Participant: 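Have a look at this one.
Quantities reported herein were computed from a predicted structural model and do not represent experimental measurements. Chain A is the first sequence line, chain B the second, and so forth, proteins listed ahead of strands; every chain is numbered from 1.
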There are 2 protein chains.
Amino acid sequence: MQPQRKRWKVGELARATGLTVRTLHHYDRIGLLQPSARSSAGYRLYGEQDVARLQQIRSLRQLGFTLEQIRELLDRRGGDGASHLRVIEMHLARLREQVRAQQRLCDRLERIAKRLRAAEEVPAEELIQSIVEMTMFERYYTPEQLEQLAKRREALGEERIREVEAEWPRLMEEVRAEMEKGTDPSDPRVQALAQRWRALIEEFTGGDPGIAASLKRLYEQETTVHGLDTAAVRAMGEYIGRALAARREGESHA
Amino acid sequence: MQPQRKRWKVGELARATGLTVRTLHHYDRIGLLQPSARSSAGYRLYGEQDVARLQQIRSLRQLGFTLEQIRELLDRRGGDGASHLRVIEMHLARLREQVRAQQRLCDRLERIAKRLRAAEEVPAEELIQSIVEMTMFERYYTPEQLEQLAKRREALGEERIREVEAEWPRLMEEVRAEMEKGTDPSDPRVQALAQRWRALIEEFTGGDPGIAASLKRLYEQETTVHGLDTAAVRAMGEYIGRALAARREGESHA
DNA sequence: CTTGACCCTGACGCAACGTAAGGGTTTATC
DNA sequence: GATAAACCCTTACGTTGCGTCAGGGTCAAG
């Protein structure tokens, strides 16, 4: 007395659900949804139970679960709701993390695009270089530090930034000269250079020791920054460090 | 007189950059980054140019470009900045779309998780069913309509919603009975049922014809909703439609 | 009996590598 | 100078969720 249950062939089911035949084949192959019957010729015949399961699969897919997770969710259906809650919460956490990451990506690209739109003629070489430096920074600084740096740059203003960027190479050239001459770090000339150096760092970092530490890590691990050989910069940094130490010592002895 | 340029073996370069040897092999194979030299034993030897290019690749990867896009960006470096701008803007648009989609996903999962946490003991079967219905709704309603529906539900209150959910099956049972008896749609009993039907739809849709249309599409294309056979519901809907039409006709003749 | 419209299985392709397998090279140590 | 540890090489399959043929049966209509 059973009412001749409806059966679907793959193509019919595919059209009805908006999926492709290939997708249904795939679900069959991996055992996620196997038709409850086959015709004598081997045609897949899906029953109402199968259609219901397919609905569930579609829904869970829409929520971004993998086929494997869906299988577990559907097969562990006997389990308590709490275990499902855990699965969903883990999934949610992963998703949120992804969203945050992509959000950051968007921000970065936005900044790059803005720069590109502003300068009417950016040499491609320079653009790529700036991208490299941007992302390099972002590997060494925490998001909070980057925000602080952005604020700092705004406070300094475009012009002062250009001044500083012009100042650095000059300063480094002078330091290099003294190093080559073998001038003692306690020499007044070196002391003056050390003060300028310290002031520039201070200006860039805004006095934040965390940012200074990140900057140090960056120079320790990258081989080139702004086209400079970091080995040379590190040597200078050490020299300047000795100069500053010598000065402090001199003060404490006074 | 060239200063014995530094060369890296794969493992060294991998350690220095934090990538894996396999990744460098991969880049070599696909021609994205081929070491400028090989040792006599066939060892890959990367020069400074190679390292620079790798930096660029890493940076662009961090921005989410595919290896293919990176190759194009780096190889078309002669091209103007504008073409790069276009690439970046397209990428940005795609990313933003992704973020929006994932944001929506998060919202949906959030709602499900909230429900799960609230009800201390949710039968897994029911949970999955509610997920199915939720996502089904979201396939048929536009985001704006969904928002409107959410507001509507809030306005009605939990209790009224439960009342309505209890009311529907009773009403449908009565309609089915009249249909079976073959009562004419213009019969006063059917007219009363039609009015109750119309009122419930009105309450759910908030009188929005767009939402009513989406609801209709849903019942036309899905085979089961809330465990009901939609074919039966469609038949009832048509019957009620005739009843309402008959009434309007009666009025216009009056 | 031949179309066409279905259906089947099998297998390669995609992105960006991970993970062996099987076998040479260098380098340090005994 | 032998041996072992640490590297390096190429080849090739696995991953995710299907898309896209290829080669070949099945079924209803004309």
Side-chain angles (χ1 to χ4, degrees), chain A residues 7-47 50 53-54 56-74 91 94-95 98 101-102 105, chain B residues 7-47 50 53-54 56-74 91 94-95 98 101-102 105:
Chain A
R7 294 199 165 281
W8 289 262
K9 288 193 286 187
V10 265
E12 291 167 358
L13 188 52
R15 263 196 307 280
T17 58
L19 299 175
T20 69
V21 171
R22 180 61 176 91
T23 298
L24 293 172
H25 279 178
H26 185 57
Y27 292 172
D28 185 359
R29 175 86 34 130
I30 66 173
L32 180 60
L33 175 66
Q34 278 163 341
S36 49
R38 291 275 190 147
S39 78
S40 57
Y43 286 18
R44 272 165 258 255
L45 296 176
Y46 293 86
D50 301 328
R53 186 174 169 102
L54 183 55
Q56 297 167 357
I57 293 170
R58 276 219 297 168
S59 296
L60 293 169
R61 274 251 62 190
Q62 258 203 313
L63 293 176
F65 289 96
T66 68
L67 298 184
E68 185 54 37
Q69 289 171 323
I70 293 174
R71 195 213 318 267
E72 278 168 24
L73 276 168
L74 292 183
H91 186 48
R94 247 187 354 98
L95 258 181
Q98 265 187 44
Q102 298 208 333
L105 264 187
Chain B
R7 295 200 165 281
W8 289 263
K9 289 193 286 187
V10 264
E12 291 167 358
L13 188 52
R15 265 196 306 279
T17 58
L19 299 175
T20 68
V21 170
R22 180 61 176 94
T23 297
L24 293 171
H25 280 177
H26 185 57
Y27 292 172
D28 185 359
R29 176 85 35 131
I30 67 173
L32 180 59
L33 175 66
Q34 278 164 341
S36 48
R38 292 274 191 149
S39 78
S40 58
Y43 285 20
R44 275 166 254 256
L45 296 176
Y46 294 87
D50 302 329
R53 186 174 168 102
L54 183 54
Q56 297 167 357
I57 293 171
R58 277 220 296 168
S59 296
L60 293 170
R61 273 252 62 189
Q62 258 203 314
L63 293 175
F65 289 96
T66 68
L67 298 185
E68 186 54 34
Q69 290 171 321
I70 292 173
R71 196 212 317 268
E72 278 168 24
L73 277 168
L74 292 183
H91 186 47
R94 248 185 356 97
L95 259 180
Q98 266 187 42
Q102 298 205 332
L105 263 188

Participant: Does anything in residues 30-40 of chain B pair up under salt bridge (charged side-chain N to carboxylate O under 4.0 Å, His left out), and if so which pairs, sequence neighbours excluded?
Facilitator: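 Sorted result for residues 30-40 of chain B: B:Asp28-B:Arg38.
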Participant: Residues in side-chain contact (heavy atoms from CB on, under 4.5 Å) with A:Gln102, at least two apart?
Facilitator: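 With sequence neighbours excluded, A:Gln102 shows a side-chain contact (heavy atoms from CB on, under 4.5 Å) to B:Leu95, B:Gln98, B:Val99, B:Gln102, given in chain and number order.
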Participant: Kindly say whether B:Leu32 contributes a backbone atom to a donor-acceptor pair with the side chain of B:Arg53 at under 3.5 angstrom?
Facilitator: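 Yes; at least one donor-acceptor contact below 3.5 Å.
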Participant: In whole angstrom, what separates B:Phe65's CZ from C:dA15's P?
Facilitator: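 These atoms are roughly 17 Å apart.
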Participant: Over how many whole Å does the gap from B:Leu60 atom CG to C:dA16 atom C1' extend?
Facilitator: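 It is 16 Å, rounded to the nearest whole Å.
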Participant: Among D:dC7, D:dC9, C:dC7, which nucleotide has an atom closest to any side-chain atom of B:Arg38?
Facilitator: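 Of the options given, the side chain of B:Arg38 lies nearest D:dC9.
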Participant: Rounded off to whole Å, could you give me the CG-to-C1' distance for the A:Leu24 and C:dC6 pair?
Facilitator: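 So the CG-C1' distance, A:Leu24 to C:dC6, works out to 15 Å.
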Participant: Using atom CG of A:Asp28 as one end and atom P of C:dC7 as the other, report the distance to the nearest whole Å.
Facilitator: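 Distance, rounded to whole Å: 14 Å.
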Participant: Bend across the helix from C:dC1-D:dG30 to C:dC30-D:dG1, to 10°, with axes taken over 5 pairs at each end?
Facilitator: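 Computed from the C1' atoms at both ends, the axes differ by 30°.
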Participant: Apply ring pair (Phe, Tyr, Trp, His ring centres under 6.0 Å) to B:Phe65 and list each qualifying residue two or more places apart in sequence or on a separate chain.
Facilitator: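 Listed in chain order: B:His91.
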Participant: Once ring pair (Phe, Tyr, Trp, His ring centres under 6.0 Å) is applied, do any residues pair with A:Tyr27, and if so which ones, sequence neighbours excluded?
Facilitator: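 Counting only residues at least two positions away or on another chain, A:Tyr27 forms no ring pair (Phe, Tyr, Trp, His ring centres under 6.0 Å).
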Participant: Please name all residues satisfying salt bridge (charged side-chain N to carboxylate O under 4.0 Å, His left out) with A:Glu72, sequence neighbours left out, ordered by chain then number.
Facilitator: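 Scan of A:Glu72 (salt bridge (charged side-chain N to carboxylate O under 4.0 Å, His left out), adjacent residues dropped) gives none.
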Participant: Can you pull out every salt bridge (charged side-chain N to carboxylate O under 4.0 Å, His left out) where at least one residue sits in residues 8-26 of chain A? Sequence neighbours excluded, please.
Facilitator: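 Applying salt bridge (charged side-chain N to carboxylate O under 4.0 Å, His left out) to every pair that reaches into residues 8-26 of chain A, excluding sequence neighbours, yields nothing.
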Participant: Using side-chain hydrogen bond (donor to acceptor under 3.5 Å, both in side chains) as the criterion, list what pairs up with B:His25, not counting sequence neighbours.
Facilitator: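 Once residues adjacent in sequence are excluded, the partners of B:His25 under the side-chain hydrogen bond (donor to acceptor under 3.5 Å, both in side chains) criterion are B:Arg44.
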Participant: Between P on D:dC8 and OH on B:Tyr46, what's the gap in Å once rounded to a whole number?
Facilitator: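 Taking atom P of D:dC8 as the reference, OH of B:Tyr46 is at 10 Å.
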Participant: Applying side-chain hydrogen bond (donor to acceptor under 3.5 Å, both in side chains), name anything that partners B:Ser36, two or more places apart in sequence or on another chain.
Facilitator: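 Residues passing side-chain hydrogen bond (donor to acceptor under 3.5 Å, both in side chains) with B:Ser36: B:Asp50.
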Participant: Mind checking side-chain hydrogen bond (donor to acceptor under 3.5 Å, both in side chains) for B:Thr17 and listing every partner two or more places apart, or none if nothing turns up?
Facilitator: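 With sequence neighbours excluded, B:Thr17 shows a side-chain hydrogen bond (donor to acceptor under 3.5 Å, both in side chains) to no residue whatsoever.
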Participant: Verify the contact: side-chain N or O of B:His25 to OP1 or OP2 of C:dC17, cut-off strictly under 4.0 Å; return yes or no.
Facilitator: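 No, B:His25 has no side-chain N/O under 4.0 Å of OP1/OP2 on C:dC17.
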Participant: Extract from the structure each pairing of a protein N or O with an N or O of nucleotides 18-20 of chain D at less than 3.5 Å, listing the distance.
Facilitator:
| unit_1 | atom_1 | unit_2 | atom_2 | d |
| --- | --- | --- | --- | --- |
| D:dC18 | OP2 | A:Tyr27 | OH | 3.1 |
| D:dC18 | OP2 | A:Arg61 | NH1 | 2.8 |
| D:dG19 | OP2 | A:Thr20 | OG1 | 2.8 |
| D:dG19 | N7 | A:Arg22 | NE | 3.3 |
| D:dG19 | O6 | A:Arg22 | NH2 | 3.0 |
| D:dT20 | O4 | A:Arg22 | NE | 2.8 |

Participant: Pairs under 3.5 angstrom, nitrogen or oxygen only, protein versus nucleotides 24-26 of chain C, please.
Facilitator:
| unit_1 | atom_1 | unit_2 | atom_2 | d |
| --- | --- | --- | --- | --- |
| C:dG24 | N2 | B:Tyr43 | OH | 3.0 |
| C:dT25 | O4' | B:Tyr43 | OH | 3.0 |

Participant: Walk me through it: do B:Arg61 and B:Leu67 pass the test side chain to side chain contact (heavy atoms under 4.5 Å, CB included)?
Facilitator: CA-CA 7 Å; B:Arg61 273 252 62 189; B:Leu67 298 185; 3.6 Å; yes
Participant: What is the distance, rounded to the nearest whole Å, between atom CG of B:Leu19 and atom C1' of C:dC17?
Facilitator: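 After rounding, the reported distance stands at 11 Å.
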Participant: Using atom CZ of B:Arg7 as one end and atom C1' of D:dC8 as the other, report the distance to the nearest whole Å.
Facilitator: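 B:Arg7 atom CZ is separated from D:dC8 atom C1' by 17 Å.
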Participant: In whole angstroms, how far is the P atom of D:dC9 from the CG atom of B:Leu13?
Facilitator: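 About 11 Å, once rounded to whole Å.
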Participant: If you pin A:Arg29 and B:Glu68 to their nearest nucleotides in DNA chain C, which one's is more 5'?
Facilitator: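 Result: A:Arg29.
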